[in-house]
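What follows is a set of notes on a single structure, which appears directly below.
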Amino acid sequence: MFKFLKNKLKSFRRKIEKVEEETAKAEIVRPVKEVRAEKGAEEEVEVKVKEVEVAKPRIGLKEKVSALVLRREIIIDEGKLDEILPELEVILLESDVAFEVVEEISSKLKERLVGRTKKIGERLSDIVLSELESIIRDILDTNRFDFDAYIKDALKQKKPLNIIFVGVNGTGKTTTIAKLAKRMMDQGYSVVLAAGDTFRAGAIEQLEEHASRLGVRLIKHKAGADPAAVIYDAIRHAESKGVDVVLADTAGRMHTKKNLIDQLEKIKRVTKPDLTIFVDESIAGNDAVERARMFNEAVGIDGSILTKLDADPKGGAAISISYITGNPVLFVGVGQGYDDLVKFDSEWLIKRIFD
Ligand SMILES: Nc1nc2c(ncn2[C@@H]2O[C@H](COP(=O)(O)OP(=O)(O)OP(=O)(O)O)[C@@H](O)[C@H]2O)c(=O)[nH]1
Ligand SMILES: [Mg+2]
């Protein structure tokens with residue numbers, strides 16, 4: 001997971017260390033006021049000190065000067081950041097972080113670092129990477145949403161809850177529904193599935209297979225039927241049986257296909273979902289983020305689930321999708337098994353990128 005990004009960040013750390021080493025080697029001229037030598041020197045002295053030499057023990061005048069420099073802190077200037085930030089921006093772009101998010105990260109880093117003091121002995125690379133981590137954490141936390149708390153509260157108001165899953169073809173919608181059904185049943189909720197993908201050959205049978213493995217009821221019509229009617233029936237069924245949640249599959253579709261987007265609008269109009277969840281695959285990178293934005297504009301989404309993080313070396317989609325859509329990431333898929341669904345948490349992702 002995120003191997004590419006992690007390796008790039010490692011080489012970024014080395015680059016900062018190199019810049020720092022070079023700066024340390026360069027002579028820094030420090031005017032020191034009224035430093036007088038103990039043994040009779042009377043003039044104000046301007047002392048040239050090599051940063052690298054500062055920590056070494058000295059004697060006499062030099063020792064006095066060192067003590068002054070040691071107490072001082074080095075100010076991180078814009079020039080130094082200009083040497084390293086472009087490389088970070090390239091790394092983030094190569095890792096599929098959306099352009100706007102890269103700009104945000106870069107400007108926040110500058111804002112936090114320029115003019116900041118760094119103690120002698122403190123490493124610039126540690127400071128930069130820990131600020132980067134904190135900025136990415138803030139970006140991930142912009143639209144926090146606790147799915148479990150939401151379900152618990154929402155069920156006090158109404159039952160069943162209707163949750164529909166939308167997205168383009170093959171991204172993992174149906175598998176994610178099965179995973180989430182398992183997760184919710186493990187938490188003690190009752191679930192019914194709606195076979196709302198009446199379009200793709202074999203889609204109903206695929207969901208049926210999951211339903212029978214998980215021991216959950218599936219409501220289906222024939223292939224080609226109106227998906228809004230299928231989901232509507234599933235809701236009626238759940239109402240009559242006192243079932244907590246309907247998880248409704250829909251056919252994969254491109255956001256550019258107007259008639260298919262109209263069909264989703266109809267599903268929403270007829271079945272009034274409590275949550276519309278956009279599912280896409282992390283490995284699609286910027287495309288996934290762009291599609292989330294388009295689906296949000298076209299039909300409105302309440303959150304996203306990113307699948308296939310286990311197969312994604314980059315991670316840029318996970319970093320960007322919530323910031324770009326203004327909606328939270330609810331879960332991430334990390335494998336093909338039923339338990340390979342992780343509730344999204346910024347700390348979880350940060351650990352996997354920075355540890
Ligand atoms: N590695 C990995 N594979 C996944 C994950 N989620 C889903 N898949 C696989 O992705 C493939 C497509 O999954 P589906 O659930 O059929 O996707 P879909 O969006 O319903 O596809 P359509 O119905 O054709 O639009 C399957 O082989 C899944 O096993 C995941 O988190 N990690
Ligand atoms: Mg499907």
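Basis for what follows: all heavy atoms, side chains included, without hydrogens, waters or symmetry-related copies. We count ligands from 1, going down the list as the structure has it; atoms in each ligand are counted the same way.
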Could a heavy atom of [X] be found less than 4.0 Å from some atom of ligand 1?
X: Asp340; answer: no
X: Ala311; answer: no
X: Glu281; answer: no

Suppose we measure from [atom] to each protein heavy atom; which comes out shortest, and what is that distance?
atom: atom 22 (P) of ligand 1; answer: Gly170 N, 3.4 Å
atom: atom 32 (N) of ligand 1; answer: Asp310 OD1, 2.9 Å
atom: atom 17 (O) of ligand 1; answer: Gly172 N, 2.9 Å
atom: atom 11 (C) of ligand 1; answer: Lys308 NZ, 4.0 Å
atom: atom 28 (C) of ligand 1; answer: Thr175 OG1, 3.6 Å
atom: atom 20 (O) of ligand 1; answer: Thr174 OG1, 2.8 Å
atom: atom 3 (N) of ligand 1; answer: Gln336 CG, 3.4 Å

Taking the side chain as every heavy atom from C-beta outward, state whether [X] and [Y] have any pair of such atoms under 4.5 Å apart.
X: Tyr338; Y: Arg213; result: yes
X: Thr276; Y: Phe165; result: no
X: Val114; Y: Ile76; result: no
X: Leu193; Y: Val191; result: yes

Excluding waters, which protein N, O or S atoms are within less than 2.8 Å of the Mg ion (ligand 2)?
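Short answer, with waters excluded from the count: Thr174 OG1.
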Using a strict cut-off of 4.0 Å, indicate which atoms of ligand 1 neighbour a heavy atom of [X].
X: Asp197; answer: 23 (O)
X: Arg200; answer: 22 (P), 23 (O), 24 (O)
X: Gly252; answer: 25 (O)
X: Val334; answer: 31 (O)
X: Gly333; answer: 31 (O)

Output for pair (Ile135 CD1, Ser130 OG), nearest 0.5 Å, gives 9.5 Å
Which of these passes side chain to side chain contact (heavy atoms under 4.5 Å, CB included) with Asp274: Val246, Ile164, Leu161?
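Exactly one pass, corresponding to Leu161.
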Check this for me: Lys308, atom NZ, are more than 12 non-hydrogen atoms of other residues, nucleotides or ligands nearer than 6.0 Å?
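Yes.
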Crowded around Lys158 NZ? As in, over 12 foreign heavy atoms under 6.0 Å?
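Yes, the 6.0 Å shell around NZ holds more than 12 heavy atoms from other groups.
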For the residue pair His255 and Phe295, does the interplanar ring angle fall in the parallel (under 30°), tilted (30 to 60°) or perpendicular (over 60°) class?
perpendicular
One residue to check: His210. Relative to ligand 1, which of side chain, backbone, both or neither has a non-hydrogen atom less than 4.0 Å away?
neither
I would like to know whether Asp280 and Thr171 meet side chain to side chain donor-acceptor pair (under 3.5 Å); could you show each step before the answer?
CA-CA 5 Å; Asp280 213 312; Thr171 52; 5.0 Å; no
Backbone or side chain, does any N or O of [X] fall under 3.5 Å from an N or O of ligand 1?
X: Gly335; result: yes
X: Leu309; result: no
X: Asn169; result: no
X: Thr171; result: yes
X: Gln206; result: yes

Answer yes or no for Arg352 and Phe354: cation-pi contact, defined as NZ/CZ to six-membered ring centre under 6.0 Å and angle to ring axis within 45°.
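The answer is no; the distance or angle limit is not met.
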When you measure from the centre of the six-membered ring of Phe4, is the NZ or CZ of Lys314 closer than 6.0 Å and no more than 45° off the axis?
yes
Worked verdict on Glu265 versus Arg269 for salt bridge (charged side-chain N to carboxylate O under 4.0 Å, His left out)
CA-CA 6 Å; Glu265 275 172 357; Arg269 204 167 54 243; 5.5 Å; no
Modelled atom types, side-chain donor and acceptor of Glu281 and Thr307, under 3.5 Å:
no
